[in-house]
Q: 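Dropping the structure in here first, questions after.
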Amino acid sequence: QVLLVESGGGSVQSGGSLRLSCAASGFTTSSYAMGWFRQAPGKEREGVAGIDSDGTITYADSVKGRFTISRDNAKNTLYLQMNSLKPEDTAMYFCAADGRSILARWLLLSHEYSHWGQGTQVTVSS
């Protein structure tokens, strides 16, 4: 059974940093496409960053240069390092995974993923 558990969210001031973690079980992270998504109140879920099983990475334009997605296959964990946080980054952040290889241009599309975590809240104050 695939299980994704996010952690690392919290409240920070603008310009601060957070590192989100997504602990995976039931599959091997190195063989899955994985991604980070976020959803703010009243808004649609949007893709933030994705990494395919072959290591291809895609970022949303809004986070390029500030966020870094990575995975530690030995720990079966996906990470999202978030620097220079802005109030508009405030949202619930979700980890997602799928057993297929996903093309780079589709890595930020939520319908490409079949497994989801419960989310972790990130709040950035100005």
Q: Check side chain to side chain contact (heavy atoms under 4.5 Å, CB included) between Gln121 and all other residues, then give those that pass, not counting sequence neighbours.
A: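 Thr90, Met92, Thr123.
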Q: To the nearest 0.5 Å, what is the distance between CD on Glu44 and OG on Ser110?
A: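 It comes to 8.5 Å.
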Q: Is any side-chain heavy atom of Thr68 closer than 4.5 Å to a side-chain heavy atom of Met82?
A: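 No, side chains not in contact.
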Q: Using 30° and 60° as the class limits, which term best fits the ring planes of Trp116 and Phe94: parallel, tilted or perpendicular?
A: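 Perpendicular, since the angle between the ring planes exceeds 60°.
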Q: Just verifying a value: how many Å separate Asp54 CG and Ser31 OG, rounded to the nearest 0.5 Å?
A: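 The OG atom of Ser31 is 12.0 Å from CG of Asp54, to the nearest 0.5 Å.
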Q: Return the minimal non-hydrogen interatomic distance between Pro87 and Ser125, and the atom names on each side.
A: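 That closest heavy-atom pairing would be CG-C, 4.5 Å.
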Q: Look at the side-chain heavy atoms of Ile, Leu, Val, Met, Phe, Trp and Tyr, link any pair under 4.5 Å apart, and say whether Leu103 and Phe37 land in one connected group.
A: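 Yes; tracing contacts between hydrophobic side chains, which count when under 4.5 Å, links both residues.
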Q: Before you tell me yes or no, could you show the steps for Lys86 and Asp89 under salt bridge (charged side-chain N to carboxylate O under 4.0 Å, His left out), namely the whole-Å CA-CA distance, both residues' side-chain angles and the distance that decides it to 0.1 Å?
A: CA-CA 5 Å; Lys86 304 175 181 180; Asp89 294 318; over 6 Å; no
Q: Can you find a heavy atom in the side chain of Leu85 that is under 4.5 Å from one in the side chain of Phe67?
A: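 Yes; the side chains approach each other to less than 4.5 Å.
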Q: If we check side chain to side chain contact (heavy atoms under 4.5 Å, CB included) with Glu6, which of these qualifies: Leu20, Leu80, Leu78, Thr120?
A: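 Considering Leu20, Leu80, Leu78, Thr120, a side chain to side chain contact (heavy atoms under 4.5 Å, CB included) with Glu6 is found only for Thr120.
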Q: Checking Arg38 against Ser62 for the side chain to side chain contact (heavy atoms under 4.5 Å, CB included) test, could you report, in this order, the C-alpha distance in whole Å, the side-chain angles of both residues, the deciding distance, and whether it holds?
A: CA-CA 12 Å; Arg38 66 187 181 187; Ser62 59; 3.5 Å; yes
Q: Counting distance only, does the side-chain N/O of Tyr59 pair as donor-acceptor with the main-chain N or O of Ile69 below 3.5 Å?
A: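 It does hold such a pair.
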Q: Give, for atom CH2 of Trp106 and atom OG of Ser101, the distance between the pair rounded to the nearest 0.5 Å.
A: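 Those atoms lie 10.5 Å apart.
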Q: Evaluate the side-chain proximity of His115 to Leu4: yes if any heavy-atom separation is below 4.5 Å, no if none is.
A: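 They are in side-chain contact.
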Q: Would a single hydrophobic cluster contain both Val63 and Val12, if residues Ile, Leu, Val, Met, Phe, Trp and Tyr are joined by side-chain heavy-atom contacts under 4.5 Å?
A: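 They do share one cluster, since a chain of ILVMFWY contacts under 4.5 Å joins Val12 to Val63.
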Q: For Cys22 and Tyr79: C-alpha separation, side-chain torsions, deciding distance, then whether side chain to side chain contact (heavy atoms under 4.5 Å, CB included) applies.
A: CA-CA 6 Å; Cys22 173; Tyr79 300 99; over 6 Å; no
Q: What heavy-atom pair brings Ser84 and Arg66 nearest, and what distance separates the two atoms?
A: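 In terms of heavy atoms, the two residues are closest at O-NH1, 2.9 Å.
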Q: For a quick test of reading the model, state the closest non-hydrogen atom pair linking Ser114 to Asp98 and the distance between them.
A: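 Closest approach of Ser114 to Asp98: OG-OD2, 2.7 Å.
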Q: Might you point out which heavy atoms bring Thr56 and Leu107 nearest each other, and give the distance in Å?
A: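 It is O-CD1, 3.7 Å.
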Q: Any heavy-atom pair between the side chains of Asn73 and Thr28 that's under 4.5 Å?
A: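 No - every pair of side-chain heavy atoms lies 4.5 Å or more apart.
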Q: Strictly by modelled atom types, are Thr77 and Asp72 linked by a side-chain donor-acceptor pair under 3.5 Å?
A: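 No pair is found: no donor N or O on one side chain lies under 3.5 Å from an acceptor on the other.
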Q: Counting C-beta onward and ignoring hydrogens, is there a side-chain heavy-atom pair between Tyr32 and Ser53 closer than 4.5 Å?
A: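 They are not in contact (no side-chain heavy atoms under 4.5 Å apart), so the answer is no.
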Q: So, the side chain of Arg100 versus the backbone of Tyr113: is there a donor-acceptor pair under 3.5 Å, distance only?
A: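 Pair absent, no side-chain N/O of Arg100 close to backbone of Tyr113.
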Q: If you round to the nearest 0.5 Å, how far is CG of Leu108 from OG1 of Thr58?
A: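 Here the interatomic distance stands at 5.5 Å.
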Q: Would the distance check show the side chain of Asp52 and the main-chain N or O of Ile102 forming a donor-acceptor pair, the cut-off being under 3.5 Å?
A: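 It does hold such a pair.
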Q: Out of curiosity, Gln118 CD to Cys95 SG, how far, rounded to the nearest 0.5 Å?
A: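 So the CD of Gln118 and the SG of Cys95 are separated by 11.5 Å.
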Q: Should Ser70 and Gln81 count as side-chain neighbours, where that means a heavy-atom distance under 4.5 Å?
A: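 The answer is no, as the side chains (C-beta and beyond) never meet within the 4.5 Å cut-off.
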Q: Treating Asn76 as the side-chain partner and Phe27 as the backbone partner, does any N or O pair qualify as donor plus acceptor under 3.5 Å?
A: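 Yes; at least one donor-acceptor contact below 3.5 Å.
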Q: Which atom pair, heavy atoms only, marks the closest approach of Arg71 to Gly55?
A: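 Heavy atoms of Arg71 and Gly55 come nearest at NH2-N, 3.8 Å.
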